[in-house]
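Order of the sequence lines sets the chain letters (A, B, ...), proteins ahead of strands, with each chain counted from 1.
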Amino acid sequence: MSTQARSVHKNSVTSYIFAVFFLLLGWEILARILNSPALPEPLPALIQFIRIFPQGLWEHFLVSTYRVVLSLFLGIAFAVPLGLYIGREEKVDRFLAPHVYLLYPIPKIALLPVIFIIFKIGDTSKIFLITLIIFFQILVTTRDAAKKVPPASIISVLSLGASRWEIYRNVIIPACLPEIFTAVRISLGTAISVLFFAESFATIKGLGYFIFETWSRISYTEMFAGILALSLLGFFLFLLIDFLQRLLCPWLYV
Amino acid sequence: MLTLNKVSLTYKNGKNAVPALEDINLNIVKGKSYAVIGPSGCGKTSLLYLMAGLIQPTAGEIRLAGKGPGKPQQKTAIILQEYGLLPWKTVWENAALGLKFRNVVGEEAQKILYPIFEELELTECLRRYPSQLSGGQKQRVALARALALRPELLLMDEPLSALDALTRENLQELILKLWRKHQITLILVTHSIEEAVYLGQEIVILSPRPGKIRAVVTNPGMGSKGYRHNQLFHQKCSEIRSILEENGQSEHTSQVCS
Ligand SMILES: Nc1ncnc2c1ncn2[C@@H]1O[C@H](COP(=O)(O)OP(=O)(O)O)[C@@H](O)[C@H]1O
Ligand SMILES: [Mg+2]
């Protein structure tokens with residue numbers, strides 16, 4: 001917990017600037033070595049990004065943001081309470097664990113056609129697919145975190161007369177929060193990958209669609225502007241998660 | 001105040017049965033202080049949990065001032081080994097936790113807590129988290145949390161064992177002072193002979209696991225001025241040690257008393 005906190009601390013503005021600089025440098029070098037139109041140099045791609053973002057890319061950006069954020073929210077809303085509960089109730093866990101272990105490794109992304117058929121091709125099917133996948137990631141992590149809450153903390157509040165709900169509220173939830181945040185960070189990466197895949201067909205909105213569409217037109221700088229937008233989406237959501245963790249876990253940052 | 005009648009406790013670990021305590025008979029008198037001493041693993045913590053109503057005995061009965069056995073009693077406060085503070089709560093929140101569970105919040109809680117913080121010299125660090133405190137400060141927060149409940153019976157599990165010598169002596173003085181001032185019945189578990197003799201009017205000596213009461217030694221000099229440097233103090237330490245060492249059970253305590 002403390003190493004995580006410290007590493008978040010060190011992510012100051014200067015180190016971000018350095019990181020951006022080195023990434024751009026690496027990109028530039030790679031683009032020159034490969035010398036392929038599919039990997040444009042950073043400057044033309046950035047210029048293209050700034051040019052087309054206000055012209056319509058922003059709309060794809062917003063649609064994708066909406067899909068990812070809503071999926072993350074739904075995934076957390078279902079997985080965290082259930083994970084906390086089965087992590088603390090041995091009987092429920094003994095019954096549910098085999099189900100979870102059988103379902104977890106199924107590549108749910110392969111269910112995409114089924115989901116499209118059931119939920120039609122609108123937003124619902126995409127959001128359902130992303131939610132389904134990250135649900136299991138967050139569920140398993142949360143359950144394991146809830147299992148290893150120190151018994152001493154629970155005895156401590158029990159001795160003060162805590163009720164069942166007060167034990168959850170004052171011990172189990174805060175004890176699991178740092179690991180839940182880690183799970184959400186990992187799920188964010190997964191969510192964006194799944195989003196990209198789910199947006200690659202049967203839609204005309206979203207960054208996944210935009211990237212595939214520009215690719216088919218062989219407009220590589222535009223395509224790269226789309227990739228940049230998708231990366232920025234991930235970056236902003238990462239910052240948002242960090243911010244929320246600071247807000248909800250202040251004890252990690254002292 | 002508290003009576004233990006033929007109390008035994010056996011933990012069940014799957015197929016294994018671990019007998020932790022056997023045939024414990026004790027009569028705790030209101031307002032007195034007791035030290036419980038014994039080798040580690042002999043069941044001292046279990047004994048405190050039983051007294052606090054956190055676990056139930058497998059045999060025998062425990063009565064608290066007339067009331068039957070049951071839930072953690074409102075008159076009892078327990079300070080756990082390693083302090084039992086929650087790392088995600090500030091000093092203030094930790095200390096106010098017991099009151100919160102009794103629906104005492106806001107100004108009412110402040111009125112109770114501020115004098116206690118004052119007394120325990122904690123007012124400077126109310127907004128800090130446990131990770132920002134020294135061992136002695138953590139122990140005082142645990143004390144504050146217990147005292148806020150205005151307990152008649154205070155149970156402490158090895159409260160000072162993780163502290164350096166000077167802090168330990170200061171806190172021993174503090175515990176003595178609080179015990180006198182608040183007229184609490186005190187039961188303190190320790191594996192230090194000196195501490196038992198310094199803080200216990202009655203010293204309950206347990207045998208190695210399964211813990212049985214080997215002796216209850218009266219310690220009339222306890223609390224007298226300069227007791228720590230008195231000849232009687234050292235005699236009492238030797239007496240306790242020789243009882244503990246019967247059957248060669250000395251590893252855990254021999255280094256403690258000079
Ligand atoms: N929850 C438990 N389940 C099984 N055995 C336990 C449990 N708690 C304690 N014990 C065992 O009971 C014995 C007494 O433990 P404890 O009361 O903690 O001793 P002490 O505080 O004197 O060191 C030890 O041998 C310990 O391993
Ligand atoms: Mg113990």
| task | Heavy-atom pairs under 4.5 Å with chain B are the metric here; pick the option from A:A152, A:S163, A:C249, A:P250 that has the most. | result | A:P250
| task | Determine which residues belonging to residues 64-88 of chain A lie within contact range of chain B, meaning some heavy atom pair is under 4.5 Å apart, and list them by number or answer 'none'. | result |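 At a heavy-atom separation under 4.5 Å, chain B is reached by no residue of residues 64-88 of chain A.
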| task | Provide the closest heavy-atom pair for A:S187 versus A:I134 in the form atom of the first, atom of the second, distance. | result | O-CG2, 3.5 Å
Please list, one pair per line, the donor and acceptor atoms closer than 3.5 Å that link side chains of residues 77-86 of chain B to other protein atoms, with sequence neighbours excluded.
residue: B:Q81; atom: OE1; partner: B:T45; partner atom: OG1; Å: 3.1

| task | Side chain from CB out, backbone as N, CA, C, O: work out which of these in A:I155 comes under 4.5 Å of a heavy atom of chain B, or both, or neither. | result |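 It is both, since atoms from each part get that close.
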| task | Hey, can you tell me if A:F136 and A:Y104 have their rings parallel, tilted or perpendicular (30° and 60° cut-offs)? | result |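 The rings of A:F136 and A:Y104 sit tilted, inter-plane angle from 30° to 60°.
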| message | Test salt bridge (charged side-chain N to carboxylate O under 4.0 Å, His left out) on B:E107 and B:K111; report intermediate values, then the result. | response | CA-CA 6 Å; B:E107 250 174 66; B:K111 233 183 277 168; 5.5 Å; no
| said: Quick one, A:P178 and A:L252 - any side-chain contact, counting heavy atoms below 4.5 Å? | reply: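 Side-chain contact under 4.5 Å: yes.
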Please output the side-chain donor-acceptor pairs of residues 115-130 of chain B that fall under 3.5 Å, not counting sequence neighbours, one pair per line with the distance.
residue: B:E119; atom: OE1; partner: B:H182; partner atom: NE2; Å: 3.4
residue: B:E119; atom: OE2; partner: B:K181; partner atom: NZ; Å: 2.8

| task | Would you mind listing every side-chain hydrogen bond (donor to acceptor under 3.5 Å, both in side chains) that reaches into residues 8-21 of chain B, with sequence neighbours excluded? | result |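 Found B:Y11-B:S46.
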